[in-house]
Participant: 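Just passing along the structure, written as structure tokens.
Because the structure is predicted, anything quoted here is derived from the model rather than measured. Just so it is clear: chains get the letters A, B, ... in the order the sequence lines come, proteins before strands, and each one is counted from 1.
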There are 2 protein chains.
Amino acid sequence: MLTHSKSAKSDGPLTEALAHSGLRLTPQRQQVHEVLREKMDHPTADQVFMRAKHKMPEISMATVYNCLDALVTCGLVRQVTLDRGATRYCPNMQDHSHFYCDECGSVYDILQTISPEDADIKLPRGFRLKNIETNLHGLCPDCAAKAK
Amino acid sequence: MLTHSKSAKSDGPLTEALAHSGLRLTPQRQQVHEVLREKMDHPTADQVFMRAKHKMPEISMATVYNCLDALVTCGLVRQVTLDRGATRYCPNMQDHSHFYCDECGSVYDILQTISPEDADIKLPRGFRLKNIETNLHGLCPDCAAKAK
DNA sequence: ATTGTATTTAGAATAGTTCTAAATCTTGAC
DNA sequence: GTCAAGATTTAGAACTATTCTAAATACAAT
């Protein structure tokens with residue numbers, strides 16, 4: 001196979017975050033992260049794959065999953081599971097929650113959330129809480145209008 | 001004893017809840033609901049299927065999904081999606097949240113939650129909020145101990 | 001009883017994710 | 001630089017989860 005220059009462009013924050021989890025920065029991981037940040041519409045692995053292929057035609061589905069896992073592991077991306085369908089990915093690591101329209105399946109970022117402190121969650125002895133995920137379910141404006 | 005009578009035993013609350021969504025009480029729906037309440041360990045559809053088969057050997061997987069959907073639709077059961085794996089089902093309709101161990105995948109009910117009022121979520125115009133799902137992620141006591 | 005609709009069923013089909021083994025790339029020791 | 005060890009990528013197969021389909025059955029209302 002023809003190999004062009006395969007090394008990743010230097011990217012401080014990405015490199016560091018990955019290294020912290022014992023992972024390397026690769027062009028594929030860089031590309032997947034870029035795809036996620038370009039359009040933060042909570043794409044599925046399959047959508048990420050299709051978008052990544054535009055700039056990197058040889059990338060494979062397995063690699064997309066590998067990259068997504070790597071980015072999740074090192075805290076650069078959140079996994080969002082809202083229904084029985086495909087898992088979605090979110091590169092917005094700011095504290096926020098997701099609104100899921102039970103009717104049409106669309107997802108919206110809601111820039112408001114419940115912090116662990118505010119929630120004052122008391123867990124039984126031994127549990128170690130890492131983070132709280134808040135998912136809001138209901139109808140999006142479009143579907144709410146139609147439902148009337 | 002083998003009962004060939006196929007009609008569902010009367011069950012007021014179940015019947016009513018289903019009827020409210022235009023659905024009938026059937027022996028299968030009754031059985032699936034019973035399985036969920038017998039062991040509230042957040043089983044997957046497949047686990048529900050296997051448990052239901054003990055008392056109802058002819059039940060099919062498609063029916064289990066149909067029944068779970070029916071019970072979710074009429075508000076008797078909650079769907080719980082915590083990771084990329086199979087969806088889990090929870091018949092506890094009390095306000096509560098789920099603790100998910102990111103290490104071993106076990107799920108615990110946490111009888112504490114954030115109410116919509118407490119959260120004071122302000123949604124953009126047009127959204128209609130139905131309910132808030134709170135998922136706690138971290139390590140269960142066993143895994144937390146091992147991690148040390 | 002009869003008819004129309006809801007529900008169940010088995011199995012096929014589809015969708016989503018993980019696995020495998022070989023090829024390629026990167027890093028670090030020399 | 002060269003080499004070996006280990007990490008990563010790749011295509012495709014395999015597997016798991018869910019949905020669909022069409023025929024059979026059950027139910028409710030005439």
Participant: Hey, what do you get for OG (B/S21) to CG (B/L76), rounding to the nearest 0.5 Å?
Facilitator: 8.5 Å

Participant: Rounding to a whole Å, what distance do you find between B/L68:CG and D/dA17:C1'?
Facilitator: 13 Å

Participant: Five pairs per end, C1' atoms only: what is the angle between the end axes of the helix from C/dA1-D/dT30 to C/dC30-D/dG1, to 10 degrees?
Facilitator: 30°

Participant: Going by side-chain hydrogen bond (donor to acceptor under 3.5 Å, both in side chains), name the residues that satisfy it together with A/R88, two or more places apart in sequence or in a different chain.
Facilitator: none

Participant: B/H20: what forms a side-chain hydrogen bond (donor to acceptor under 3.5 Å, both in side chains) with it, not counting sequence neighbours?
Facilitator: none

Participant: Taking side chain to side chain contact (heavy atoms under 4.5 Å, CB included) as the definition, give me every residue that meets it alongside A/K39, ordered by chain and number, with sequence neighbours left out.
Facilitator: A/D41, A/R51

Participant: Dump the pairs, protein N or O against N or O of nucleotides 3-7 of chain C, anything under 3.5 Å, distances to one decimal.
Facilitator:
{"residue": "C/dA6", "atom": "O4'", "partner": "B/R24", "partner atom": "NH1", "Å": "3.4"}
{"residue": "C/dA6", "atom": "O4'", "partner": "B/R24", "partner atom": "NH2", "Å": "3.3"}
{"residue": "C/dT7", "atom": "OP1", "partner": "B/R24", "partner atom": "N", "Å": "3.0"}
{"residue": "C/dT7", "atom": "OP1", "partner": "B/R29", "partner atom": "NH1", "Å": "2.8"}

Participant: I need the CD-P distance between A/Q31 and D/dT8, as an integer number of Å.
Facilitator: 18 Å

Participant: Check the distance between C/dT18's P and A/D69's CG and give it to me in whole angstrom.
Facilitator: 7 Å

Participant: Using the ring-ring contact (aromatic ring centres under 6.0 Å, His included) criterion, which residues pair with B/F99? Sequence neighbours excluded.
Facilitator: A/F127

Participant: Starting at the 5' end of nucleotides 10-17 of chain C, put B wherever the base has a protein heavy atom under 4.0 Å, S where only the sugar-phosphate does, and a dash everywhere else.
Facilitator: BB----SB

Participant: Just how far, in rounded Å, is C1' of D/dA17 from CE of B/M50?
Facilitator: 13 Å

Participant: Could you tell me the separation between the CD atom of A/Q30 and the P atom of D/dT9, rounded to a whole number of Å?
Facilitator: 12 Å

Participant: Return each pair, listed once, that meets ring pair (Phe, Tyr, Trp, His ring centres under 6.0 Å) where at least one residue sits in residues 59-83 of chain B; pairs must be two or more places apart or across chains.
Facilitator: none

Participant: Sequence neighbours left out, what passes side chain to side chain contact (heavy atoms under 4.5 Å, CB included) with A/N135? Give chain and number order.
Facilitator: A/L82, A/H98, A/E133, A/H137, B/E133, B/N135

Participant: Return the value, rounded to whole Å, for the distance between atom CG of B/D83 and atom C1' of C/dT18.
Facilitator: 13 Å

Participant: Would you please name every residue forming a side chain to side chain contact (heavy atoms under 4.5 Å, CB included) with A/M40, sequence neighbours left out?
Facilitator: A/P91, A/N92

Participant: So B/T63 and B/M56, do their side chains get closer than 4.5 Å, heavy atoms only?
Facilitator: no

Participant: Taking side-chain hydrogen bond (donor to acceptor under 3.5 Å, both in side chains) as the test, write out the residues that go with B/Q31, two or more places apart.
Facilitator: none

Participant: By the ring pair (Phe, Tyr, Trp, His ring centres under 6.0 Å) test, which pairs, at least two apart or in different chains, include something from residues 66-91 of chain B?
Facilitator: none

